[in-house]
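Computation of the quantities below employed the complete heavy-atom set of this structure, encompassing side-chain atoms and omitting hydrogens, waters and symmetry-equivalent molecules. Counting from 1, the numbers follow the sequence of the chain as shown.
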Amino acid sequence: MIWDDLDAHLDKVPGTVSAYVGRLDARPTWTRLPDATHYAASTMKVAVLVALHRAAEAGTLDLDTPIPVRNEFDSALPGVPRFACAQHYDNDDAVWDRVGGTAPLRWLAERMIVRSSNLATNIVLSQVGLPAAARAWALAGARHSVTGRGIEDFAARDAGITNLVTAGDLAALLGGLAVGADRPGPLAAPASCAAMLDVLFAQEHREDLAAGLPEGTRIAHKNGWVRGVRHGAGVVFPADAPPYAIVVCTTTDLADGGPSGEEIEDDACRLIATVSARVWDARHALAD
């Protein structure tokens, strides 16, 4: 069986590899340590995206009103100085070019996902607040994932305040968006879910999950990486089979594509791409 073969292959990988594969709104076909927690890296940005669109629906934020682009943020640890992002650690100079000026929240949210901009993430998170991100996880049915702080909030990090994800929770969040684009769901209205999926379809970092798929295959996804961590989470939309969620989270020495902001293809990327390719080959056999 393909799933036994994948488990045997991943058993040889140093560190922890978690996975979730399954059709939307159905029991998973294959999981591997789906509740094991990993440092979230940039996958936490999907919960921030959901929180933003929920705030827009509630009328508390306007996605198209320009807001100040400032590189200074309150720490999640009370009583410490404000913190800032480092440009060399980011992936998107376009956001940095706006510092001192303004930008619409919609544009910042797009840059947060498609280029994984840390600066854009912290600006959006400062607008929606950490409780709203936690609410997004809860509405998805996530059981273990936490968005406890912004990116590069080192005082909070050193105090043990962190961002965690599991493969199962990421599948619930991404799968909830995909299902919610077709009918009302708990995360957001269908129009908002469809808009968020469009942003995830436009992802420009395609060196892991997307690399294992045939050219042109539609995948709405978000990845994340720092040294020692590489994750890919998404929903694949084959032309000849129902869509499916696929998440692979790795905490392993194979992930050496960090901590700089550069996009680096490493052995963890290739591992995730291999899993993605094997799942693609088995797409017609996934359980309903």
Side-chain angles (χ1 to χ4, degrees), residues 19-26 28-29 40-54 56 63 91 106-107 109-117 120-121 124 136-137 139-142 145 165 167-225 230-249 263 269 272-273 275-277 279-280 283 286:
Y20 180 106
V21 172
R23 300 244 191 262
L24 307 184
D25 255 3
T29 298
S42 290
T43 58
M44 53 79 75
K45 297 170 183 178
V46 180
V48 178
L49 181 70
V50 174
L52 176 65
H53 278 264
R54 287 181 56 81
L63 298 184
N91 302 289
R106 189 186 307 276
W107 181 82
E110 290 171 356
R111 306 310 293 182
M112 171 178 74
I113 298 297
V114 303
R115 289 303 305 164
S116 206
S117 169
T121 301
V124 174
W137 284 116
L139 289 169
S145 297
V165 292
D169 288 349
L170 284 168
L173 187 64
L174 272 295
L177 285 179
V179 170
D182 291 328
R183 62 180 186 269
L187 292 180
S192 295
C193 288
M196 287 185 270
L197 276 185
D198 284 342
V199 175
L200 291 160
F201 279 127
Q203 174 63 250
E204 295 178 14
H205 294 285
R206 303 180 61 82
E207 64 275 11
D208 40 58
L209 284 180
L213 301 173
E215 187 71 27
T217 302
R218 297 177 75 227
I219 176 172
H221 67 120
K222 183 72 190 81
N223 38 27
W225 63 94
R230 184 84 197 196
H231 309 321
V235 178
V236 179
F237 292 79
D240 60 350
Y244 61 88
I246 176 170
V247 181
V248 184
C249 296
E263 178 181 338
C269 286
I272 294 172
V275 174
S276 182
V279 173
W280 172 264
R283 65 192 180 282
L286 299 183

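Of all heavy-atom pairs between V114 and A202, the closest is CG1-O, 3.6 Å. When all heavy atoms of C193 and A181 are compared, the pair lying nearest together is CB-N, 3.6 Å. Across A273 and A211, no two heavy atoms sit closer than the pair CB-CB, 4.0 Å. Between A109 and V199, the shortest heavy-atom distance links the atoms O-CG1, 4.4 Å. Contact record, A120 with S117: N-OG, 3.0 Å, taken as the closest heavy-atom pair. Taking every heavy atom of both residues into account, H231 and D208 meet most closely at O-OD2, 4.1 Å.
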I would like to know whether R230 and N223 meet side-chain contact (heavy atoms from CB on, under 4.5 Å); could you show each step before the answer? CA-CA 7 Å; R230 184 84 197 196; N223 38 27; 3.9 Å; yes
Check the pair I219 / Q203 against side-chain contact (heavy atoms from CB on, under 4.5 Å), numbers first and verdict last. CA-CA 9 Å; I219 176 172; Q203 174 63 250; over 6 Å; no
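Separating the CD atom in E110 from the CG atom in L63 is a distance of 9.5 Å, to the nearest 0.5 Å. For the atom pair L213 CG and R206 CZ, the distance stands at 8.0 Å (nearest 0.5 Å). Atom CG of residue L177 and atom CG of residue L24 lie 10.5 Å apart, to the nearest 0.5 angstrom. Summarising the geometry, atom CZ belonging to R106 is positioned 6.5 Å from atom NE2 belonging to H53; distances are rounded to the nearest 0.5 Å. To the nearest 0.5 Å, atom CZ of residue F237 and atom CG of residue L197 are 5.5 Å apart. Atoms NZ and CG, on K222 and L174 in that order, are 10.5 Å from each other to the nearest 0.5 Å.
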Could you pull out all donor-acceptor pairs under 3.5 Å where a side-chain atom in residues 43-50 meets a protein atom, sequence neighbours excluded?
{"residue": "T43", "atom": "OG1", "partner": "A40", "partner atom": "O", "Å": "2.7"}
{"residue": "K45", "atom": "NZ", "partner": "S42", "partner atom": "OG", "Å": "2.9"}
{"residue": "K45", "atom": "NZ", "partner": "S116", "partner atom": "O", "Å": "2.8"}
{"residue": "K45", "atom": "NZ", "partner": "S116", "partner atom": "OG", "Å": "3.0"}
{"residue": "K45", "atom": "NZ", "partner": "N118", "partner atom": "OD1", "Å": "2.9"}

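Within the 4.5 Å cutoff, no side-chain heavy atoms of N91 are placed close to those of E204. Side-chain contact between Y20 and C249 is absent, with no heavy atoms from C-beta onward closer than 4.5 Å. Between M196 and I113 there is no side-chain heavy-atom pair separated by less than 4.5 Å. The closest side-chain heavy-atom distance from T217 to V236 is below 4.5 Å. Contact check for D169 versus W137: side-chain heavy atoms found under the 4.5 Å cut-off. Taking the side chain as every heavy atom from C-beta outward, V247 and V165 never approach each other to under 4.5 Å. For the pair I246/S276, a side-chain contact is recorded, criterion being any heavy-atom separation below 4.5 Å from C-beta on.
Put simply, the side chain of H205 gets close to the backbone of R115: a donor and an acceptor are under 3.5 Å apart.
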